[in-house]
Engineer: 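Have a look at the structure that comes next, please.
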Amino acid sequence: MSFDLVLFGGTGDLTWRKLMPALFQAFRHGKLPDGGRILAVARDERSDAEYRDYIRARFAGVEEAKQPSDEEYARFAGMLHYRRMDLSQPDDYRGLKAWVDARGADTVVLFLATSPHLFPVVCAQLGAAGLNAPHMRVVLEKPLGHDLASAREINRIVRAAYTEEQALRIDHYLGKPAVQNLMALRFGNALFEPLWRRESIANIQITLAESIGVGTRGDFYDRTGALRDMIQNHALQLLTMIAMEPPSTGDADAIRDEKLKVLKSLKPFTAEAVARDVVRGQYKAGTVGGQRVPGYLEEDKVPAGSACETFVALRTEVQNWRWAGVPFYLRTGKRMPARDAQIVVNFREVPHPIFPGTRAANKLVIKLQPEDGLELHLLAAKGGGGEERLYPVSLDLDFDKAFASERVGGYERLLMDALAGRLNLFVRSDEQEQAWRWVEPVLHAWRGDTLGPRPYAAGSWGPAAASALVARDGSAWAEEQ
Ligand code: BG6
């Protein structure tokens, strides 16, 4: 299959930090179909050779095992091309169309790795130039809008040029191997299904913690905040994977229909519920990994006195027969003690204890980051005579070890799926809009709340109110158990 992959924003952060390393890994793994061209598009004038040197220099920042040798890079760089474009100029799109048509590749993927405010204009121009033929697809990176109205407006413009099947919305968490394993765990094994319901599960916790701060993205982040940046998309997507009903087939729409049903079943927020069930925080100076770090308000490009949240913890429920009454806790934050993304399924305690000692309940931990694995926590008896006591033990499955050489990174997987037209791991517009519909009352309530976010020290697990939120139901976050 021949392909043209066009990267708008070809000199931007996303392209050189994530997309090029992922494309190189795909190339190294022999997954990039032969006969492909990768065309980077950006504003400044440069030749193909200059662009290849520019990307080569940026590979120095990639972890060593993923860096190309000179020989590998020379072969990979043979696919790289560069084109100057002014994204407001129709002529430039016509020029791009001519470049693409001259080759006549089987598949053309147009990846918008630009600033999101350009999506409407770029999509409209692509459509006007005829860069929307059936063998062409457009890929959109988050954030798609900043609320329901703006997301709908983007979708309206995208839909005017492309069908739903041609418009691929990326949530890079869906490309993470652990997420595919979650599907495999739930729908490739019969073991957990009878337990995957309110009768056996006490609560579910999704934590997406980062130890980094906002870095150089202070201006973007301050317009966004943790709720829009991580909860509306990544955390909710994970929640749908956990809570969805088994789809009738593995087809993209069968899966996405089930995910949408979960989003529609989420308990809607009222103003009182936001005050009771949502905690927002903002980091102050503190210590992370032994290093003193500044508070959010001292970060570069953050406006003085900003009330932007860098932490959110919330409690919700999925209102259907399977999950009625089971709390789902979502939590994300910057400047937490560690980079740690995991889903913890806490099972109920035994109905009647006959052993003395700990009464810890079983839990299943699905680890996304830093390592990718599965832990099943059980209680076991430690022999030694006398009274039998129970102690926690865990069955620990490390996927990185189990499948060592075959692990594929999130962007690598999603880019290959985009080229192949596999839609399972892309977010449909109705899912995305429903997620906005659900978070909007929170944004609305915060606008009218003068108290602002609660402070927490960098290097802590967030404001104490986040612990209280879970303690209220008689539970605790994983690190407090
Ligand atoms: C992005 C957010 O979507 O996800 C960033 O905009 C965040 O703020 C990043 O740092 C986290 O991704 P990962 O894959 O490093 O957990």
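In listed order, ligands and their atoms are each counted from 1. Sequential numbering from 1 along the given sequence is applied to the chain's residues. Just so you know, these numbers come straight off a predicted model, no measurement behind them.
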Engineer: Would you tell me whether Asp229 and Thr224 have side-chain atoms, one donor and one acceptor, within less than 3.5 Å of each other?
Structural biologist: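 Thr224 and Asp229 do not have a side-chain donor-acceptor pair below 3.5 Å.
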Engineer: Taking 4.0 angstrom as the limit, do Lys261 and Glu245 come out as a salt bridge?
Structural biologist: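 No salt bridge links Lys261 with Glu245.
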Engineer: Is the closest basic N to carboxylate O distance between Asp253 and Arg256 below 4.0 Å?
Structural biologist: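 Between Arg256 and Asp253 there is a salt bridge, with a charged N closer than 4.0 Å to a carboxylate O.
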Engineer: Please tell me whether Gln369 and Lys367 have a donor and an acceptor in their side chains that are separated by less than 3.5 angstrom.
Structural biologist: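 There is no such pair between these side chains.
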Engineer: As a test of reading the model: which residues have a non-hydrogen atom less than 4.0 Å away from ligand 1?
Structural biologist: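 Within the 4.0 Å shell of ligand 1, which is judged on heavy atoms, sit Lys142, His172, Tyr173, Lys176, Glu210, Arg217, Asp229, Met230, His234, Lys334, Arg339, Gln369.
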Engineer: Verify the distance criterion only: is there a donor paired with an acceptor across the side chains of Asn233 and Gln432 at less than 3.5 Å?
Structural biologist: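 No, no side-chain donor-acceptor pair sits under 3.5 Å.
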Engineer: Please tell me whether His172 and Glu141 have a donor and an acceptor in their side chains that are separated by less than 3.5 angstrom.
Structural biologist: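 Per modelled atom types, His172 and Glu141 side chains form no pair under 3.5 Å.
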